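Heads up, the thing below is written out as structure tokens.
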Amino acid sequence: MECYNKKNMLILIMGHLIYEAQVISEMLEYGSMLYYSLLNAIEKYTESSEVLKAQSSILKLEHDMYTASHFGEIRELLKKGWEELGVNTVKERIKTTLAIRENETKIHENKLTAKVGICLTTIFGLATVPLVASEVLGPIWKLLNLPQIANEYAFKTTLNCISLSLVSSILAIVLASIEKKQISNK
């Protein structure tokens with residue numbers, strides 16, 4: 001069994017000799033590959049949760065790479081090696097891509113929220129038709145002394161139709177202004 005030899009910097013692990021330079025080289029390649037694969041993965045993200053998870057992964061990766069060795073010399077070798085392999089450039093591209101993806105996902109989620117808001121506005125607007133007919137239009141009809149329809153159901157139907165026209169007009173104006181605002185924001 002061979003022992004640790006300071007001159008050759010050999011380490012005996014499970015019967016295989018591993019040179020320090022080989023370990024550092026493989027660590028450099030491994031770290032570089034992780035950053036490049038993370039960059040490729042980030043370009044496909046479409047949800048805010050994925051972007052947040054990627055930001056967390058980057059912090060963990062940087063911490064793991066920094067604490068891979070307790071020796072300052074090896075850390076410096078890794079740092080210089082990653083600089084030579086362009087990892088710092090990849091890190092900047094990752095941060096830029098994450099910022100872009102974050103903005104894109106926020107825009108997408110805001111559009112979705114606006115669509116849900118439009119649907120709710122429409123539903124609640126249409127739900128007010130009978131209320132507007134009975135509580136607003138009915139008293140106005142009587143206050144203006146407009147001719148009364150003899151059949152009560154026909155009168156209520158008439159008020160509901162007027163109310164539907166009124167509410168639909170208001171909803172159309174509101175939705176058109178929202179649509180116009182969204183078009184101008186593009």
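Remember, predicted model here, so these are calculated numbers, not experimental data.
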Exercise for the section: Kindly determine whether Val90 and Leu38 satisfy side chain to side chain contact (heavy atoms under 4.5 Å, CB included), including the steps that lead there. Expected result: CA-CA 9 Å; Val90 174; Leu38 191 55; over 6 Å; no
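- Contact detail for Ala133 and Asn160: the closest heavy-atom pair is CB-OD1, 3.1 Å.
- Of all non-hydrogen atoms in Gly31 and Trp82, the two that sit nearest each other are CA-NE1, 3.9 Å.
- Of all heavy-atom pairs between Leu137 and Ser163, the closest is CD1-N, 3.5 Å.
- With Trp141 contributing its side chain and Val136 its backbone, the two residues share no donor-acceptor pair below 3.5 Å.
- No continuous path of hydrophobic side-chain contacts links Leu112 to Ile107 [ILVMFWY only; heavy atoms under 4.5 Å].
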Exercise for the section: With salt bridge (Lys or Arg N to Asp or Glu O under 4.0 Å) as the test, would you mind laying out the steps for Lys80 and Glu83 before giving the verdict? Expected result: CA-CA 5 Å; Lys80 288 178 182 176; Glu83 286 174 9; over 6 Å; no
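- Cluster membership for Tyr30 and Val87, using ILVMFWY side-chain heavy atoms within less than 4.5 angstrom, is shared.
- The number of heavy atoms from other shown groups lying within 6.0 Å of CD (Glu109) is above 12.
- The OG atom of Ser48 lies 10.0 Å from the CG atom of Asn103; values are rounded to the nearest 0.5 Å.
- The minimum heavy-atom distance between Gly125 and Thr128, with the atom names listed, is O-OG1, 2.5 Å.
- Atom-to-atom distance recorded for Asn40:CG and Ile94:CD1 is 9.0 Å, nearest 0.5 angstrom.
- Closest heavy-atom contact between Tyr45 and Arg101: O-CD, 3.3 Å.
- Note: Leu175 CG to Ile118 CD1 = 6.0 Å, rounded to the nearest 0.5 Å.
- Hydrophobic clustering keeps Leu120 apart from Val167 (ILVMFWY residues linked when any side-chain heavy atoms are closer than 4.5 Å, directly or through intermediates).
- Using a cut-off of 4.0 Å between Lys/Arg side-chain N and Asp/Glu carboxylate O, Glu152 and Lys156 are scored as salt-bridged.
- Separating the NZ atom in Lys106 from the OG1 atom in Thr113 is a distance of 13.0 Å, to the nearest 0.5 Å.
- Under a hydrophobic-cluster definition in which Ile, Leu, Val, Met, Phe, Trp and Tyr are linked whenever side-chain heavy atoms come within less than 4.5 Å, directly or via other members, Leu131 and Leu171 are assigned to different clusters.
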Practice task
Would you check, one step at a time, whether the test side chain to side chain contact (heavy atoms under 4.5 Å, CB included) holds for Lys142 with Gln148?
Solution key: CA-CA 8 Å; Lys142 290 177 184 172; Gln148 291 286 28; 3.7 Å; yes
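- When atom types are taken as modelled, the side chain of Thr121 and the backbone of Gly117 share a donor-acceptor pair closer than 3.5 angstrom.
- Between the CD1 atom in Ile170 and the OG atom in Ser165 there is a gap of 11.0 Å [rounded to 0.5 Å].
- At a threshold of 4.5 Å between non-hydrogen side-chain atoms, the residues Leu164 and Leu126 count as touching.
- Between Ile149 and Thr158, the closest heavy-atom pair is CD1-OG1, 3.4 Å.
- To the nearest 0.5 Å, the span separating OG on Ser56 from CG on Leu61 amounts to 11.0 Å.
- There is a path of hydrophobic side-chain contacts, each under 4.5 Å, that joins Leu144 to Leu159.
- Of the charged side-chain nitrogens involved, none lies within less than 4.0 Å of a carboxylate oxygen, so that Lys53 and Glu50 do not count as a salt-bridged pair.
- Checked by atom type and distance alone, the side chain of Ser32 never pairs as donor or acceptor with a backbone atom of Leu28 at under 3.5 Å.
- For the pair Glu102/Leu98, no side-chain contact is recorded, criterion being any heavy-atom separation below 4.5 Å from C-beta on.
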